[in-house]
Number of protein chains: 2
Amino acid sequence: MKEKELRRSLAVLPIGTVMKLTDLTARQIRYYEAQQLIQPERNEGNRRMYSLNDIDRLLEIRDYLAEGVNIAGIKAIYEQQASAAQAKQENQEHPLTDDDVRRIMQDEFLRQGRLGQTRPGIQQRPL
Amino acid sequence: MKEKELRRSLAVLPIGTVMKLTDLTARQIRYYEAQQLIQPERNEGNRRMYSLNDIDRLLEIRDYLAEGVNIAGIKAIYEQQASAAQAKQENQEHPLTDDDVRRIMQDEFLRQGRLGQTRPGIQQRPL
DNA sequence: GACTGATGTCATATTTTCTAACATTTGTTA
DNA sequence: TAACAAATGTTAGAAAATATGACATCAGTC
């Protein structure tokens with residue numbers, strides 16, 4: 001599946017194509033980028049280039065918005081997914097080092113200090 | 001597999017992307033089109049738009065040329081493939097009518113008259 | 001009623017692509 | 001060898017697509 005993943009993440013589509021495939025306006029697409037929901041690449045001439053994965057994500061965003069989820073909410077969902085995925089990967093590739101543990105605990109403390117509670121998306125793996 | 005075919009034939013890529021994916025110049029890509037080796041679509045603004053199938057074909061063309069096959073040869077190959085595919089489809093969808101038989105026989109005669117022999121690609125199905 | 005989030009619209013600049021013409025290169029043929 | 005054709009390069013000028021930034025709108029919230 002490595003090959004397919006690579007293809008799906010190749011930035012090959014200009015914004016005009018993305019508009020048609022997603023039924024979003026250029027304004028919307030750029031706004032979602034400004035809100036950090038997507039990070040399209042740029043070509044040598046500074047034009048945004050999108051991958052099939054970007055298309056999927058934009059369709060998702062569109063659906064979330066239609067459901068009434070606001071952009072902050074969507075962002076939170078993606079951040080949660082990202083941290084979960086990262087945790088999974090770290091877990092698979094190498095067992096946690098002492099440094100990892102220290103860093104994770106520090107992160108948790110900082111988060112609690114700021115928000116008053118742990119968010120559901122943060123993976124609380126048993127150490 | 002219908003869905004995948006559709007996706008692969010969607011014209012979504014501008015020529016700049018195609019250049020990168022195929023390592024061909026715009027000049028070459030347009031020339032092959034002029035020689036009728038590919039038929040990209042055009043968007044509303046008259047810009048050429050290519051599908052993944054177009055990419056595959058361009059890579060094939062590149063390989064044929066590298067092997068020493070000239071454009072006329074490549075064209076012959078594709079025409080042969082097209083007629084074979086068409087014959088197959090016609091064969092599946094409806095058995096040959098008398099008219100089909102007459103037309104096919106006439107085609108064969110014409111070809112022999114011009115070339116002196118039947119080309120290997122022409123499907124000689126038993127009637 | 002003021003504010004904010006999401007989007008529309010417009011102006012201006014830059015990049016990309018188009019067509020058409022002429023140039024170059026290489027292999028073939030009279 | 002000169003001439004020719006096939007494939008590609010290069011250039012010019014026009015049109016289309018995209019970028020950014022500003023201001024406008026509109027709906028929902030405090």
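Every chain is numbered from 1, with letters handed out A, B, ... down the list of sequences.
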Looking at A:Arg62 and A:Thr22, what are the two nearest heavy atoms and their distance? NH1-O, 2.7 Å

How bent is the helix from C:dG1-D:dC30 to C:dA30-D:dT1, measuring the angle between the end axes built from five pairs each, rounded to 10°? 10°

Rounded off to whole Å, could you give me the CD1-to-C1' distance for the A:Ile61 and C:dA6 pair? 13 Å

Tell me whether A:Gln35 at atom CD has more than 12 heavy atoms from other residues, nucleotides or ligands lying less than 6.0 Å away. yes

I need the residues from residues 15-32 of chain A with at least one non-hydrogen atom less than 4.0 Å from DNA chain D; give them sorted by number, or say none. A:Ile15, A:Gly16, A:Arg30

Rounding to 0.5 Å, atoms CZ (A:Arg8) and CD1 (A:Ile55) come to a distance of 9.5 Å

If only atom types and distance count, is the side chain of A:Asp54 paired as donor or acceptor with the main-chain N or O of A:Ser51 below 3.5 Å? yes

Has the side chain of B:Asp56 got a donor or acceptor atom that lies under 3.5 Å from a matching backbone atom of B:Asn53? no

Student check: side-chain heavy atoms of B:Gln28 and B:Leu58 closer than 4.5 Å: no

Looking at A:Ile38 and A:Ile29, what are the two nearest heavy atoms and their distance? CD1-O, 3.8 Å

Return the value, rounded to whole Å, for the distance between atom NZ of B:Lys75 and atom C1' of D:dA6. 14 Å

Can you measure A:Leu37 atom CG to C:dA6 atom P for me and round it to whole angstrom units? 9 Å

When the distance from CD of A:Gln36 to P of C:dA6 is rounded to whole Å, what number comes out? 14 Å

Tell me, please, whether B:Tyr32 has B:Arg57 positioned over its six-membered ring: NZ or CZ under 6.0 Å from the ring centre and within 45 degrees of its axis? no

Round to a whole Å and report the spacing from CD1 of A:Ile74 to C1' of C:dA6. 11 Å

Minimum heavy-atom separation for B:Pro14 and A:Pro14, please, with both atom names. CD-CD, 3.5 Å

Count the heavy atoms belonging to other residues, nucleotides or ligands that lie under 6.0 Å from CD of A:Gln81, then report whether that count exceeds 12. yes

Whole angstroms only, please: what is the CG-C1' distance between B:Asn70 and C:dT28? 12 Å

Counting only N and O atoms by type, is there a donor-acceptor contact under 3.5 Å from the side chain of B:Arg27 to the main-chain atoms of B:Thr25? no

Heavy atoms within less than 4.0 Å of DNA chain D: which residues of residues 40-55 of chain B have one? Give them sorted by number. B:Asn43, B:Gly45, B:Arg47

Rounding to a whole Å, what distance do you find between A:Gln35:CD and C:dT7:P? 10 Å

